[in-house]
Amino acid sequence: MLENRVRELRARFKWTQQDLADVIGATRQTIGLIEKGDYAPSVILALKISKAFSVPVEEIFYLKEE
């Protein structure tokens, strides 16, 4: 299962879902789905999120141990 820290990082930056969506060229709905774990972003989208937060992609997205 792919886990992420998007909500946590977004809160640190004081960004809304729409703010992040605007920065990376996605929709607010996509950000919400990613945060809930209902959507695994493409590599390109994950890299855009990483760049927006200036954090390595592996610090945002990780596999949950089962």
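What you see is a predicted model, and the numbers here were worked out from it, not measured in a lab. Numbers for residues simply follow the sequence, beginning at 1. Keep in mind that the numbers below use all heavy atoms, side chains included, and drop hydrogens, waters and symmetry copies.
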>> Are I49 and L63 connected into the same hydrophobic cluster when the rule is that any two of I, L, V, M, F, W, Y join if their side-chain heavy atoms are below 4.5 Å apart?
In response: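 Hydrophobic grouping puts L63 with I49.
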Do [X] and [Y] make a side-chain contact, defined as non-hydrogen atoms from C-beta onward lying under 4.5 Å apart?
X   : Y   : result
L2  : P41 : yes
L45 : I34 : yes
V57 : V43 : no
S50 : F61 : no
T16 : L20 : no

> With sequence neighbours left out, which residue pairs that include part of residues 42-53 fulfil the salt bridge (charged side-chain N to carboxylate O under 4.0 Å, His left out) condition?
Replying inline: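 Residue pairs passing salt bridge (charged side-chain N to carboxylate O under 4.0 Å, His left out), neighbours aside: none found.
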> What pairs of residues pass the salt bridge (charged side-chain N to carboxylate O under 4.0 Å, His left out) test when at least one of them lies in residues 14-24, not counting sequence neighbours?
Replying inline: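 Output for this query is empty, none listed.
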> Rounded to the nearest 0.5 Å, what separation is found between the CD atom of E35 and the CZ atom of R10?
Replying inline: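 That separation rounds to 4.0 Å.
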>> Nearest 0.5 Å, please: how far is CD1 in I24 from OG1 in T30?
In response: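 T30 OG1 to I24 CD1: 8.0 Å, rounded to 0.5 Å.
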>> Going by salt bridge (Lys or Arg N to Asp or Glu O under 4.0 Å), name the residues that satisfy it together with E59, two or more places apart in sequence or in a different chain.
In response: none
>> How close do R28 and A21 get, counting heavy atoms only, and between which atoms?
In response: N-CB, 3.7 Å
> Going through the distances and angles, do Q17 and Q29 end up as a side chain to side chain donor-acceptor pair (under 3.5 Å)?
Replying inline: CA-CA 8 Å; Q17 288 181 342; Q29 291 85 353; over 6 Å; no
>> The test is side-chain contact (heavy atoms from CB on, under 4.5 Å); show your working for R12 and F53 and say whether it passes.
In response: CA-CA 10 Å; R12 187 182 305 166; F53 291 131; over 6 Å; no
>> With side-chain contact (heavy atoms from CB on, under 4.5 Å) as the criterion, how do Y62 and R5 come out once you've worked through the C-alpha distance, each side chain's angles and the decisive distance to 0.1 Å?
In response: CA-CA 9 Å; Y62 55 95; R5 297 177 50 225; 4.0 Å; yes
